[in-house]
Every structure is written in C-alpha cells, then in structure tokens.
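For reference, the structure discussed in these notes is given below.
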Number of protein chains: 2
Amino acid sequence: MPQVDEHLIDDDIDTSAWDGVPIRLRAAGLRWTPQRRTLVDVLREHQGHVTATELISRCRERDQTTTPSTVYRTLDVLEEFGLVAHGHGHDGREEYHVLPGETHGHLYCEACGRQWEIRPETGAAIVDALAADLGFEVDLSHVTISGHCQGCHD
Amino acid sequence: MPQVDEHLIDDDIDTSAWDGVPIRLRAAGLRWTPQRRTLVDVLREHQGHVTATELISRCRERDQTTTPSTVYRTLDVLEEFGLVAHGHGHDGREEYHVLPGETHGHLYCEACGRQWEIRPETGAAIVDALAADLGFEVDLSHVTISGHCQGCHD
DNA sequence: TTGGTTGCAAACACTTTGCAGCTGA
DNA sequence: TCAGCTGCAAAGTGTTTGCAACCAA
C-alpha cells in the first residue's frame with residue numbers, strides 16, 4: 001500500500017474514506033459483500049469521474065461474475081453515503097463522480113477526450129458570476145464543460 | 001406573424017433562417033417533405049434547446065403519423081445545415097440547440113426543472129476564467145450547468 | 001422516372017425491476 | 001436465522017439501422 005505523504009499536486013483527496021465503508025455499511029444494517037468490495041476497489045483508483053458502464057467492465061476484469069444490476073444497486077447505496085454522486089457526462093451516459101466532497105467541475109476536451117478539473121478558484125468565479133446573473137446557485141460537482149484544451153486548439 | 005421590431009431583450013434571433021430551408025434542401029439535391037415541414041414548424045417555436053423526445057411528441061401532436069426514426073434522420077440533416085446542434089442535457093438525453101448561431105449556455109434548475117439562458121456577459125466571464133485557468137477554449141453552446149434557481153433556493 | 005425519404009420492425013446500448021435463492025451478520 | 005444481497009431474465013428507455021414501398025422533383 002502506497003504512502004500517502006507523497007507530494008501530489010492535485011491530490012489531497014482523502015482516499016481513506018473508502019476504508020471506513022465496510023463499517024459504515026454494517027452500522028447502517030447493510031452488508032459488506034465480495035461484490036461491493038470489488039466495486040469499491042475499482043472506485044479507489046478512479047477519483048474524479050467514471051461512467052457506470054466503465055465501472056461495470058472494470059469490475060468484470062477483477063471478477064467475471066460481476067453483474068450490471070449489482071453495480072447499479074451498489075452505486076445507489078454508495079451515493080446515499082455521499083461517496084459517489086451521479087450526473088451525466090458529455091456523451092449522455094450515467095457518470096459518477098467519486099468522492100464528490102471536493103466539489104470541482106470538469107472540463108472535457110472534444111478533441112482529445114481528456115478531462116481536466118476546474119481549479120477551485122476558477123470554479124468559485126463561475127459560481128459567483130452565475131449567482132450575480134440570475135441568483136442561480138450552481139452545483140459545481142455536476143458541471144462538465146466541453147470545449148478544446150490548450151494542446152488541441154493551438 | 002409577429003413583428004420583429006419588438007423590443008425583446010434576448011431575442012435577436014433570425015427566425016427567418018427557417019424560411020430558406022426548403023430551398024436550401026432542394027439546392028443540395030434533398031427533398032422538402034411534409035414530415036420535414038412538420039419538424040421545422042415545431043423547431044420554429046423552440047429557440048434554445050429541446051430534447052429529441054420532446055420534438056417527436058410535438059410533431060406527433062401535429063401529425064399523428066410522425067415516426068421517431070424520421071425525426072432523428074431529419075435532425076441529422078438539419079444539423080449538417082447548421083440549423084440545430086446536438087449535445088446532451090442534464091438528464092442525459094439527446095438535446096438539440098436550435099439555431100445555435102447565438103452561442104449561449106444554459107442553466108438548469110434541479111428543483112423546478114426550468115431552464116435559463118446564461119447572459120452573454122456572464123458567459124464571457126466563464127469563458128475567460130477557464131481560458132485563464134488551463135488555456136481551455138470553451139464551447140459555450142454545449143454548456144448546461146445545473147443547480148437551483150433563485151426561486152428554488154430561497 | 002428515380003433516388004431521396006418514409007414507416008415499420010428489429011436491433012442496440014444502457015438502466016431498472018421482479019423474484020427466487022443465497023449469504024453475511 | 002433472516003433481512004439484505006445477488007444473479008438472472010425480462011422490461012423499459014431512447015436512439016439507430018435495414019429494407020421495401022413511396023413520392024418529390
């Protein structure tokens with residue numbers, strides 16, 4: 001298991017949030033099953049955003065018996081615990097934001113397909129601008145803005 | 001037909017763009033059919049954004065015989081003419097932007113479901129902020145930000 | 001006439017649901 | 001033991017496609 005004290009630029013995410021999941025589930029009268037463990041293992045390495053479909057196939061890589069319905073149902077449970085949040089990505093599929101505690105938005109590059117996080121300050125600027133506009137209260141974690149990244153529009 | 005010289009705050013859209021459609025289609029060797037007329041009639045009154053599903057049912061109101069496949073196919077054609085542009089809305093369905101010439105983004109209220117246009121100045125602020133952030137070039141017409149409108153978060 | 005179009009039906013991809021049987025606590 | 005979970009299969013969305021018949025130009 002890697003040390004957490006590495007100097008990671010944009011990675012102050014509390015990965016250990018997942019460690020408490022078994023306990024939290026049981027405390028709520030729910031169960032910790034192999035299938036849920038598989039999904040959580042996959043989620044651990046997917047900070048940011050993933051489509052349900054991708055999660056399903058990643059789970060399948062680890063455990064052939066993984067079933068879509070189980071994944072969807074488990075994601076619902078994890079969402080109630082605030083560990084993931086779902087929205088819709090640029091391609092219109094269910095997309096899950098992992099550990100949405102840090103509410104940042106995403107930028108999607110239509111050319112290279114990569115995604116980028118909107119920095120907190122920039123996100124705040126957007127939130128403020130829209131609040132001033134129509135008194136709109138933005139849910140930043142649901143924001144995915146598409147366009148072209150620096151490398152692709154030069 | 002309403003006069004165009006009314007003082008409409010955010011409505012300098014050239015609705016007459018639709019008038020040339022039959023001619024443009026024919027000039028391209030395509031046909032002007034009753035079904036296409038129905039769809040264009042529906043689109044005329046839908047500046048902004050609509051889901052494909054909504055367009056289909058609106059068309060059905062006017063002409064019982066409208067078929068989904070025809071609507072989708074016609075939308076493809078209209079997209080090639082730059083009269084609509086498709087993306088994906090907050091709920092993940094195909095969403096069409098009508099007359100995308102005026103590139104503004106949208107705000108979607110998760111509480112009441114209404115949509116609002118982001119004012120040009122505000123949109124420009126967002127574009128600038130993201131350009132400054134990562135050199136990202138935003139395609140504003142594809143932006144739909146969700147949250148709560150003033151009336152719903154008070 | 002004839003090639004673009006249409007409607008139908010079937011195929012698709014993704015997500016949800018019902019239910020009998022299994023299993024973690 | 002026994003609720004919660006799982007897998008399967010079937011149903012449900014919304015979108016796409018193949019094809020024979022149709023019709024605008």
Side-chain angles (χ1 to χ4, degrees), chain A residues 20-42 49-60 62-81 83-97, chain B residues 20-42 49-60 62-81 84-97 144:
Chain A
V21 175
I23 291 157
R24 292 181 65 190
L25 285 175
R26 285 192 273 250
L30 303 177
R31 309 257 167 89
W32 181 240
T33 66
Q35 294 81 354
R36 291 184 173 177
R37 192 175 124 65
T38 304
L39 177 55
V40 166
D41 281 349
V42 168
H49 42 75
V50 228
T51 61
T53 311
E54 188 172 344
L55 288 173
I56 292 167
S57 59
R58 297 260 180 197
C59 285
R60 271 226 154 81
R62 295 170 182 247
D63 177 0
Q64 277 295 347
T65 73
T66 304
T67 286
S69 49
T70 298
V71 174
Y72 282 111
R73 284 188 281 225
T74 301
L75 285 168
D76 285 347
V77 172
L78 295 177
E79 183 156 23
E80 279 170 23
F81 281 80
L83 292 163
V84 300
H86 84 287
H88 293 276
H90 56 90
D91 62 347
R93 296 185 189 170
E94 290 269 343
E95 185 171 80
Y96 286 84
H97 288 256
Chain B
V21 175
I23 291 156
R24 292 180 64 189
L25 285 175
R26 285 191 273 250
L30 305 176
R31 310 255 166 93
W32 181 241
T33 66
Q35 294 82 351
R36 292 184 172 178
R37 194 176 122 64
T38 305
L39 177 56
V40 165
D41 282 350
V42 168
H49 43 75
V50 228
T51 60
T53 311
E54 187 173 344
L55 288 173
I56 292 167
S57 58
R58 298 258 179 199
C59 284
R60 271 224 152 83
R62 296 168 181 247
D63 177 359
Q64 277 295 349
T65 73
T66 305
T67 284
S69 51
T70 298
V71 173
Y72 282 110
R73 283 188 282 224
T74 301
L75 285 168
D76 284 347
V77 172
L78 294 177
E79 184 157 22
E80 278 171 24
F81 280 79
V84 300
H86 84 287
H88 293 275
H90 56 89
D91 62 347
R93 297 184 187 169
E94 290 269 343
E95 187 171 80
Y96 285 85
H97 288 255
T144 296

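- Between the side chain of B:R26 and the base of D:dA24, no donor-acceptor pair of N or O atoms lies under 3.5 Å.
- Along DNA chain C, the nucleotide nearest to B:S69 and the one nearest to B:L25 differ in position, and the one closer to the 5' end is contacted by B:L25.
- Distances shown here put every side-chain N or O of B:T33 at or beyond 4.0 Å from the OP1 or OP2 atom of C:dT5.
- Taking atom CD1 on A:I23 and atom C1' on C:dA25, their separation rounds to 14 Å, with Å as the unit.
- Remark: C1' of C:dG4 and CD of B:Q35 are 12 Å apart, rounded to the nearest angstrom.
- Under 4.0 angstrom from either OP1 or OP2 of D:dC5 there lies no side-chain N or O belonging to A:T74.
- Using a 4.5 Å heavy-atom cutoff, the side chains of A:R73 and A:V77 are not in contact.
- Within 4.0 Å (heavy atoms only), A:R73 reaches at least one base atom of the nucleic acid.
- Proximity note for B:L30 (side chain, C-beta onward) versus C:dG7, C:dT5, C:dA25: the nearest is C:dT5.
- Listed here is the closest heavy atom pair of A:V71 and A:L39: O-CD2, 4.1 Å.
- Using modelled atom types, one side-chain atom of B:E79 and one backbone atom of B:H86 make a donor-acceptor pair closer than 3.5 Å.
- Between the P atom of D:dT13 and the CD1 atom of B:I56 lies a distance of 14 Å, rounded to the nearest Å.
- With B:R36 contributing its side chain and B:R31 its backbone, the two residues share a donor-acceptor pair below 3.5 Å.
- Between the CG atom of A:L75 and the P atom of C:dT16 there is a distance of 10 Å, rounded to whole Å.
- Formation of a donor-acceptor pair under 3.5 Å by the A:T51 side chain with backbone atoms of A:E54 is found in this model.
- Heavy atoms of A:T65 sit under 4.0 angstrom from primed sugar atoms or phosphate atoms, though from no base atom.
- Look at CZ on B:R31: it is 15 Å from P on C:dT1, rounded to the nearest Å.
- Of the candidates D:dC23, C:dC14, C:dT6, C:dC14 carries the atom nearest the A:T53 side chain, counting heavy atoms from C-beta on.
- Of the side-chain N and O atoms in A:T70, one or more sit less than 4.0 angstrom from OP1 or OP2 of D:dG7.
- Nearest-nucleotide positions on DNA chain D place B:D76 closer to the 5' end than the other of B:D76 and B:P34.
- Computed from coordinates, the A:E80 CD to D:dC5 P distance equals 10 Å when rounded to whole Å.
- Rounded to whole Å, the distance from CZ on B:R36 to C1' on D:dA24 is 11 Å.
- One can place CD of B:E94 at 14 Å from C1' of C:dC12, the figure rounded to the nearest angstrom.
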